[in-house]
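All remarks here apply to the structure that follows.
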Amino acid sequence: MRRFSWFNITSLTLGFAFLYIPMIILVIYSFNGGRLVTVWAGFSTKWYGELLSNEDFLNAAWVTIRVALATATLATILGTLAAYVMIRGGRFFGRTLFSGMVVAPLVMPDVILGLSLLLLFKVMFSSAGMMTVILAHTTFTMCYVSVVVSSRLVSFDKSLEEAALDLGATPFDAFKSVTLPNIAPAVVSGWLLAFTLSLDDLVIASFTTGPGATTLPIKIFSAVRLGVSPEINALSTIMIGIVTIGVISFSLINKRQVAQRLRDEKTAEASA
Amino acid sequence: MNLRRLLLIGVPYAWLLVFFLVPFVIVIKISLSDIALAIPPYTPTLELSEGWQGIKGFFAQLDIDNFTFLTTDPLYVKAYWSSLQIAFISTALTLLVAYPMAYGMARAPEEWRATLMMLVILPFWTSFLIRVYSWMGILGKEGFLNAALLWLGLIDEPLTILNTNTAVYIGIVYTYLPFMILPIYATLEKLDDSLLEAAEDLGCTRTSAFWRVTLPLSRPGVVAGCFLVFIPALGEFVIPSLLGGSDTLMIGKVLYEEFFSNRDWPVASAVAVVLLLILVIPIILFQRNQQKQLEADQ
Amino acid sequence: MAQSPRNSFSHAATAFAPWNDPNAQPLIQFKNVTKRFGDFVAIDNLTIDIYEREFFALLGPSGCGKTTLMRMLAGFENPSEGQILLGGKDIVPVPPNKRPVNMMFQSYALFPHLSVWDNIAFGLKRSDMPKDQIGDRVAEMLRLTRLDKFAKRKPHQISGGQRQRVALARSLAKAPKLLLLDEPLGALDKKLRNETQFELMDIQEKTGTTFVIVTHDQEEAMTVASRVAVMDHGKMIQVDTPAGIYENPSSVYVADFIGDVNIIEGKAAKVASGTLELHYAEGAEPIKATTDATVTEGQSISFAIRPEKIAVSTEPMADRANHARGKIIDIAYLGNVSTYHVRLPSGQMMSAQMTNSRRLARRDFTWEDEVWLSWTDTAGVILTE
C-alpha cells in the first residue's frame, strides 16, 4: 500500500492551488456587489442579472451553442471516418498525406489555421457567417475526434470485426453492430471534445466569422481586452459550473461502471 | 476498390484536402503577391479566363518581396526571436511545475489517482479564454497578488506584473500545465516499482535512484510534454494580447494585427509561412518521439 | 465430465480413414496454394485434401504458416497463387460473410456488448433462418455447451472456460460445413484444457462437423485429431494419424518436434531387403534396424528412437537385438517414470525412460553407474532426411 510522502503532498497541494485559485477567486468575485476587482462590497447576484438581460451576450451564446452543436456532430462523423480509415483502411493512394493532414491541425497555431481558412472562404463564398465558422471549426476539431477514436480503435480487437464477418455480417453491418457499440465511449468523448473546443475557440472564429455571427469568445475577448469586468466574471462562473458538473458526473458514472465490471469479473471467476 | 471503400476514404480525405491543404496553397500564393487597393486586397489574381497566357502572367508576377520585407523590418525578426524565447522559457517553467506534480500523482495511493487525474483534466475542459482572463484580476496593479503581498508587508509598492513578459510566462504555464503533466504522468505511472527497488538493492540511495532510473525512464513523457507546450505557445495569440504589454512581441499577435489592423494580407501570409517553417522542425521531432514511444509500447 | 477417454487408437478401431479411400470426395482441397506477404512466403506451394467429419490438426511452431492457412479458409486472406476448393467449388472469390465456414478465434472474439444469448444468435440473425426458429437453435447450442444458466450474462460476467464454450457455441450455431479453431484452448489452464479437449471431440462427433484446428501444442493435436499435419516454413512436412506421426516420423524434423527422441547419425551398411545396420562410431556395435525406405550402402542416415523404447539394465538383455554400454550422467525423476541420460563411449548421449514400478529406495541405478541399454531392431526408425 502506497502512502503520500511529504514531498509529494507539498508539490501536489501547491500545484493544484496554482491551478484552481485563479478560478476560485473568479467565482467568488462574480458575487461581489461592487465593480472594483479586489474590494469586496457584499454578496450580490446583480451581475448575473445584468448578464442575463444583456441581449448581445445572449445572442452570442445562442450563436456559439448552435455552432458548437453543428461542429461537434459533423466533426464526430468525419473524425470517426478518418480514424477508421487510418487504423483499418489498409493501403491506399496518398495515405501518408492523409495521416499528415489528420495530425497537423493538432499542432498548427490557431492564427495560421484561421488565416488560411479565411483566405479560402474569400475565394469560395461571397459572405462569411455561421456556416463558415462551422466549416472552420469542423476542420480542426475532426482531427481531435480522430485522435480520440483511433486510440480506442487501436486497442479494439480486430478479430471481433472478423468474427462478425465470419458469422455472416456484411462489412457495414459489422461496423454498425460490433465496432460502433464498442467504440461508442470514445465517439461520445470525441463529440464532447469537439463541442468544447468549438465553444472555446476565439482565434479561428474571429478570422472566419462574418456579420451577425459573433460568437461568445469573440464577445468576451472584446469585453475583457480593456480590463476585468464583473459581468464576464458571472459568465465565467456559469461556464465553469457547467463544465465542473459535467466532468464530475461523467467521471463518477465511469468510475461506477468500472467498479461494477471488476465485481462481475471477480464473481464470474469465483463461480466457475 | 469498391464504391463503399472509396466513399469511406474519400469523404474525410476530400474534406481535409479542401479545408486544410488548399488553404495553405492559397496562403503561400498570397504571400508571393503584392498588396493592392482592391477586393481582394492583393495582386495578381489568377485569371483562368485568359487561358495559358493568364497562368503564365500570374506566375511571372509572383515575387518574394514580402519575405525580403520581413527580414528588413526589425519588428518581424524581433517578434520571431522573442516568440521563440518566450515559448522556450515558458516550456522550461511549465516542466518545473509539472514534473513534481506528475511524480506526486504517479506515486499517490491507487485510490487517489483517478481523482487527481480528474483535477488535472478539469481545467482543460474549462474555457481557455476564461482561464487566461482569470489572471487579469490577480496580476493587475490593484490585483489580488499585489494586495496580498502588500498586506503581508513583503513589498511597499505594488509590482507591475500585468502587461509584462512575466505575466505571459505565468499565463502560458497556467494554461498549458495539463499538457505537460499528462504525458509525464503516463510514463511515470507505467514505471515498475521493482525497478526502484532493484536500484536501491544494487546500492543506489533514494535520490540517486531517482536521477539514474526514474528520470531517464520518464524522458519520452518529458519530451512529448515539452513539444505539446512549446509548439502552440510559439504561435500563441490570446495570452500575449490579454496579459502581455505593448512591448511583448509575439508572432501570433503580430500576424493578427497585420491582418486586421493593417489589412496587409500578403505580409500576413508571409508571416504565417515563415512561422510554419519555424514550426516544421519541432513538429517533425515531436512526431518522431511519438512514433518511437508507440513502437516501444508494442 | 464423464467422457469416454477416446484416443487415437479408437480412430483406427472404427476405421475412419477416408484419406486412404481413393473414392472419397475431399471436403477441402488446397491446390498448389502459395501465399506471400511482400517478400515473405507464408505458404509455399501447398497441396492437401481434408475430408468430411475429419478432426484435422495443423501443428507447427509460430510463423510456420498454420494460422495463414486457416485464415485463407475463413476468407480473411486470399492466396497469391493456387486454388482452394470447398465441396469441389472454388471459394477464393467468396467473401468471409458468404462462406459456409465458421471460425472460433484464439481470443474468442466474443462481442463484449452482447449477452451470451445474443452472441450465439448473432450469426443466425444474419442467415435465412426464420426468426421463430432462432430461439430454439440458440437453446440447443446452449444445451450442447452446458451454458443454459448463463444465457443472459455478458462475456465479462463469465469465466474463461465458459467464454471458450460460448465461442464454440457461436461458431457452431450456423451448422457450418467446416469449423476452424484457432488455438481454441490456448487461454485455458492445463487442467481445464485436458477436460475441454475431450469435450471438443465429443461435440465434433455429435455434430458431425469437420474441424480444422490450429495448435502449437503437440499433445493437444495428438489427443484430438484424426490426422495431424506438421508444418514448417509454409510447407507440410508430414500428414498422418497421431500414431503414424509419433511412430513413423518421416524426417528428423518431425521426430524431433513431436515428443522426445534420440537421434543417432551414421552410415548404412549390410543393406538387405527391409533390414540394415547403422555404423555410428568407431568400435561401437552397429545398430540393427528395419526399414521400408530405399537406402544404398554407405549412405548417411539417421536413426531415431524414443526414450521409452530403450531399456536400462545391469546386463545386456539377450532378447533384444541392440545393446550399448554407457555411463549414467543424470537421472530425471518424474514420479511415474524416470529418464536416464546415458553417455556412450563414443560420446553420444542417449535418453532412456523406465517406468518406476518400484519405490525409489529400491532403485537399481544411480549416477555414474555403468549400465547397458537394449532395444529391439523394430523399436526405432531409419530417417533419410
Side-chain angles (χ1 to χ4, degrees), chain A residues 1-5 8 11-12 15-16 18-19 22-23 25-26 29 37-38 78 81-82 84-85 89 92 98 101-105 107 109-112 115-117 119-120 122-123 135 139 171-172 196 199-200 202-203 217 220-221 224-225 227-228 232 236 239-240 243-244 247-248 251 255, chain B residues 4 8-9 11-13 15-16 19-24 26-27 30 40 97 100-101 103-105 107-110 114 118-119 121-123 125-130 133-138 140 142-144 147 177 231-232 234-235 237-238 242 252 255-256 259 268-269 272 275-276 283 286:
Chain A
M1 182 99 271
R2 275 184 179 173
R3 296 235 198 109
F4 279 116
S5 73
N8 291 340
S11 59
L12 285 175
F16 283 117
F18 174 62
L19 270 180
M23 283 194 270
I25 292 177
L26 198 64
Y29 274 79
V37 189
T38 45
L78 285 166
L81 279 180
Y84 198 77
V85 168
F92 56 89
F98 182 75
M101 288 195 300
V102 171
V103 189
V107 285
D110 293 350
V111 276
I112 297 186
L115 174 72
S116 64
L117 280 163
L119 297 177
L120 173 81
K122 290 280 177 196
V123 178
L135 288 177
T139 305
F172 181 70
T196 327
L199 218 56
D200 255 13
L202 164 71
V203 177
I220 297 174
F221 184 68
V224 302
R225 243 190 147 158
V228 176
I232 300 296
S236 307
M239 289 169 78
I240 292 171
V243 168
T244 310
V247 171
I248 289 178
S251 62
K255 198 174 164 187
Chain B
R4 189 170 280 152
L8 176 72
I9 297 176
V11 170
Y13 207 145
W15 184 284
L16 287 170
F19 292 109
F20 186 71
L21 200 64
V22 171
F24 275 109
I26 297 177
V27 169
I30 291 178
V97 178
M101 285 184 75
Y103 185 80
M105 282 169 68
R107 318 238 65 195
E110 199 88 38
M118 201 195 70
L119 283 174
I121 293 173
L122 188 68
W125 289 92
T126 324
S127 167
F128 182 81
L129 190 56
I130 287 175
Y133 163 69
S134 68
W135 281 94
M136 290 177 71
I138 297 175
E142 274 108 42
F144 292 100
L177 194 58
I231 295 170
L234 200 58
F237 163 74
V238 177
L242 288 186
L255 192 158
Y256 192 91
F259 192 87
S269 301
L275 175 55
L276 210 58
I283 288 175
F286 174 65

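All figures in this text were calculated on a predicted structure; none of them were measured in a lab. Numbered from 1 within each chain, the chains take letters A, B, ... in sequence-line order.
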Looking at [options], which one has more heavy-atom pairs under 4.5 Å with chain B than the rest?
| options | result |
| --- | --- |
| A:Ser236, A:Pro109, A:Pro171, A:Ala104 | A:Ser236 |
| A:Leu199, A:Leu202, A:Asp110, A:Ile112 | A:Ile112 |
| A:Pro22, A:Gly15, A:Ser11 | A:Pro22 |
| A:Ile220, A:Thr196, A:Leu12 | A:Leu12 |
| A:Pro217, A:Gly89, A:Ser116 | A:Ser116 |

Segment of [X] engaging chain B (4.5 angstrom heavy-atom cut-off):
| X | result |
| --- | --- |
| A:Thr244 | both |
| A:Val102 | both |
| A:Phe221 | both |
| A:Ile25 | side chain |
| A:Ser251 | side chain |
| A:Met23 | both |
| A:Val228 | both |

Proximal component of [X], with respect to chain A [non-hydrogen, under 4.5 Å]:
| X | value |
| --- | --- |
| B:Leu16 | both |
| B:Leu255 | side chain |
| B:Tyr133 | side chain |
| B:Leu8 | both |
| B:Leu122 | both |
| B:Leu234 | neither |
| B:Phe259 | side chain |
| B:Phe144 | both |

To the nearest 0.5 angstrom, please state how far the [atom1] atom of [X] sits from the [atom2] atom of [Y].
| X | Y | atom1 | atom2 | value |
| --- | --- | --- | --- | --- |
| B:Phe24 | A:Leu117 | CZ | CG | 8.0 Å |
| A:Phe16 | B:Leu177 | CZ | CG | 9.0 Å |
| B:Leu119 | A:Leu19 | CG | CG | 9.0 Å |
| A:Thr139 | B:Trp15 | OG1 | CH2 | 5.5 Å |
| A:Asp200 | B:Phe128 | CG | CZ | 8.5 Å |

Determine the option with the most heavy-atom pairs under 4.5 angstrom with chain A, choosing from B:Leu242, B:Ile138, B:Val22, B:Ile231.
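Answer, by heavy-atom pair count under 4.5 Å with chain A: B:Leu242.
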Side-chain touch B:Thr126/A:Met239, heavy atoms, less than 4.5 angstrom
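Sidechains of A:Met239 and B:Thr126: no contact.
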Could you check whether any side-chain heavy atom of B:Val27 comes within less than 4.5 Å of a side-chain heavy atom of A:Leu119, counting everything from C-beta outward?
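They are in side-chain contact.
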Anything under 30° is parallel, anything over 60° is perpendicular, the rest tilted; go ahead and classify B:Trp135 against A:Phe18.
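Ring orientation of B:Trp135 relative to A:Phe18: tilted.
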